[in-house]
Undergrad: 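Got a structure for you, written out below as structure tokens; questions coming shortly.
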Amino acid sequence: MVSSKTNPRLKVNEPMTPTKPKNPRLKLNPKFQAAHSDKNNNPWGDLESQLASATSGDGKIAYEIEQARKTGRLSLSGLSITSLPDAIFDIRNDLMEKYEGDIDEQNQLKSHEKSWQCYGEEMLTVVDLSENDLSNAKSLEKISCYKALSSLHIRNCKLPYLPWDVFQSDLTSLKVLNAPGNNFVKVPMHLLPESIMTLNLADNNIESLGDD
């Protein structure tokens, strides 16, 4: 006859209650945590602030300037800027400060020569400022520094006018002017450079194409 009593020597495995995994952030190396913690003792604070800076308006502009140094093409399209930052008219300006420790007595770079082998503002061939509120047209007068510019895109920028005299005197290589969707009333065609091959002024309020 089989006994119904349970053998006291046998241990029945009880079902285990699943536990939540511990937050890996709590197991940081103490030296790392001490070196990178911010005021709130958040070791990820520096990284988070860097990412926030990179995705901000200024961060995006800095990125596009860096790309322009490599490609000769500057695009600030759709960045919600209301005035043009000085940095886009002097795109190599911060390199001297960045490598200040490598300048010798003759004011020459001791290293990082490749960083200087880049496009400057006078070498840019394409500039796109479209889809920004640039109703303060005075900031556009500085485009005179773009001596090699062949294509300028200023679509839907709410511009009341352009510094046409600058186009005639300084943008002598300009082939494409794409400027639809602005608020131009007068366009003195005689001030456009002779190099112009494509001109788009659609959706403006043009009443005159001369001096009148």
Side-chain angles (χ1 to χ4, degrees), residues 54-95 115-212:
T55 56
S56 66
D58 291 342
K60 291 178 181 178
I61 292 173
Y63 172 80
E64 294 299 341
I65 290 176
E66 183 177 353
Q67 293 304 304
R69 292 183 187 138
K70 300 175 183 178
T71 65
R73 304 164 67 95
L74 175 65
S75 176
L76 301 183
S77 178
L79 294 189
S80 301
I81 56 178
T82 55
S83 63
L84 300 178
D86 291 338
I88 71 170
F89 303 114
D90 190 3
I91 65 175
R92 289 175 296 200
N93 181 56
D94 65 328
L95 291 180
S115 295
W116 292 91
Q117 297 173 6
C118 62
Y119 288 89
E121 64 280 351
E122 77 285 357
M123 303 165 67
L124 297 181
T125 57
V126 178
V127 172
D128 189 350
L129 307 175
S130 300
E131 306 296 340
N132 291 295
D133 183 356
L134 301 179
S135 51
N136 179 14
K138 289 184 178 180
S139 59
L140 267 178
E141 294 177 358
K142 296 180 181 179
I143 63 175
S144 60
C145 67
Y146 299 144
K147 303 296 184 182
L149 191 64
S150 63
S151 183
L152 177 61
H153 302 270
I154 44 177
R155 180 184 67 256
N156 297 329
C157 289
K158 300 182 180 180
L159 287 164
Y161 65 92
L162 287 174
W164 299 108
D165 54 332
V166 171
F167 281 74
Q168 183 184 51
S169 60
D170 298 289
L171 304 184
T172 55
S173 298
L174 190 66
K175 293 182 174 63
V176 176
L177 176 57
N178 185 30
N182 287 288
N183 298 319
F184 303 150
V185 176
K186 298 180 181 180
V187 178
M189 297 292 290
H190 66 285
L191 292 181
L192 291 175
E194 296 180 359
S195 56
I196 284 286
M197 299 179 64
T198 301
L199 178 64
N200 185 354
L201 299 175
D203 298 321
N204 278 277
N205 301 315
I206 299 175
E207 298 177 358
S208 172
L209 296 176
D211 291 330
D212 299 337

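Side chains are part of it too, since the values below use all heavy atoms of this structure and drop only hydrogens, waters and symmetry mates.
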Undergrad: As a quick check of understanding, evaluate side chain to side chain contact (heavy atoms under 4.5 Å, CB included) for Lys142 and Asp86, giving each step before the final call.
TA: CA-CA 9 Å; Lys142 296 180 181 179; Asp86 291 338; 2.5 Å; yes

Undergrad: Below 4.5 Å, heavy atoms only, C-beta onward: do Ile196 and Phe167 meet side chain to side chain?
TA: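 Heavy-atom side-chain distance check fails, nothing below 4.5 Å.
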
Undergrad: CD/Glu121 to CG/Asp90 distance, rounded to the nearest 0.5 angstrom?
TA: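 Rounded to the nearest 0.5 Å, the CD-CG separation comes out at 5.0 Å.
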
Undergrad: Once rounded to the nearest 0.5 Å, what's the spacing between atom NZ of Lys70 and atom CD of Gln67?
TA: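 Here the rounded value is 5.0 Å.
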
Undergrad: Pick out which of Val127, Leu124, Asp128, Val176 makes a side-chain contact (heavy atoms from CB on, under 4.5 Å) with Ser151.
TA: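 So, applying the side-chain contact (heavy atoms from CB on, under 4.5 Å) to Ser151 and each of Val127, Leu124, Asp128, Val176, only Val176 qualifies.
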
Undergrad: Judged by atom type as modelled, is there a donor-acceptor pair below 3.5 Å linking the side chain of Asn183 to the main-chain atoms of Leu159?
TA: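 Judged by distance alone, no pair lies under 3.5 Å.
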
Undergrad: For Leu209, give me all partners under side chain to side chain contact (heavy atoms under 4.5 Å, CB included), at least two apart in sequence or on another chain.
TA: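 Applying side chain to side chain contact (heavy atoms under 4.5 Å, CB included) to Leu209 gives Val187, Met189, Ile206.
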
Undergrad: Got a donor-acceptor contact below 3.5 angstrom from the Asn182 side chain to the Cys157 backbone?
TA: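 Yes, because the side chain of Asn182 sits within donor-acceptor range (under 3.5 Å) of the backbone of Cys157.
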
Undergrad: Just verifying a value: how many Å separate Ser75 OG and Lys60 NZ, rounded to the nearest 0.5 Å?
TA: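 It comes to 12.0 Å.
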
Undergrad: If I take atom CG from residue Leu134 and atom CG from residue Leu84, how far apart are they, to the nearest 0.5 angstrom?
TA: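 One gets 5.0 Å once the value is rounded to the nearest 0.5 Å.
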
Undergrad: Between Asn93 and Ile91 (side chain of the first, backbone of the second, donor and acceptor by atom type, cut-off under 3.5 Å), is there such a pair?
TA: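 Absent.
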
Undergrad: Checking Glu131 now: which residues fulfil salt bridge (Lys or Arg N to Asp or Glu O under 4.0 Å) with it, not counting sequence neighbours?
TA: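 So Glu131 forms a salt bridge (Lys or Arg N to Asp or Glu O under 4.0 Å) with Arg155.
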
Undergrad: Quick test of your reading: applying side-chain hydrogen bond (donor to acceptor under 3.5 Å, both in side chains), list the pairs with at least one residue in residues 170-179, sequence neighbours left out, ordered by first then second residue.
TA: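 Residue pairs passing side-chain hydrogen bond (donor to acceptor under 3.5 Å, both in side chains), neighbours aside: Lys147-Asp170, His153-Asn178, Asn178-Asn200.
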
Undergrad: Are any non-hydrogen side-chain atoms of Leu162 and Ile154 less than 4.5 angstrom apart?
TA: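 Yes, at least one pair of side-chain atoms sits under 4.5 Å.
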
Undergrad: If I compare all heavy atoms of Gln168 with all of His190, which pair ends up nearest, and what's the gap?
TA: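 Looking at all heavy atoms of both residues, the closest pair is NE2-O, 3.6 Å.
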
Undergrad: Side chains of Leu140 and Leu129: closer than 4.5 Å at any heavy-atom pair?
TA: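 Contact flag for Leu140/Leu129 side chains = yes.
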
Undergrad: Heavy atoms, side chains only, cut-off 4.5 Å: are Tyr119 and Leu74 in contact?
TA: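 Sidechains of Leu74 and Tyr119: no contact.
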
Undergrad: Mind listing the closest non-hydrogen atom pair of Ser195 and Leu171 along with its distance?
TA: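 Residues Ser195 and Leu171, closest heavy atoms: OG-O, 4.4 Å.
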
Undergrad: Return the minimal non-hydrogen interatomic distance between Leu192 and Leu199, and the atom names on each side.
TA: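 Here Leu192 and Leu199 meet closest at CD1-CD2, 3.8 Å.
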
Undergrad: Grab the two heavy atoms, one from Ile143 and one from Phe89, that are nearest each other, plus how far apart they are.
TA: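 Taking Ile143 first and Phe89 second, the nearest heavy atoms are N-CE2, 3.9 Å.
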
Undergrad: Determine whether Ile81 and Ile61 make a side-chain contact, defined as any pair of heavy atoms from C-beta on separated by less than 4.5 Å.
TA: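 Heavy-atom side-chain distance check passes, below 4.5 Å.
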
Undergrad: At their closest point, which heavy atom of Asn132 faces which heavy atom of Ser80, and how far apart are they?
TA: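 So the minimum-distance heavy-atom pair works out to OD1-N, 2.9 Å.
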
Undergrad: What's the shortest heavy-atom distance between Arg92 and Arg69, and which atoms?
TA: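 So the two residues come closest at CA-NE, 4.3 Å.
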
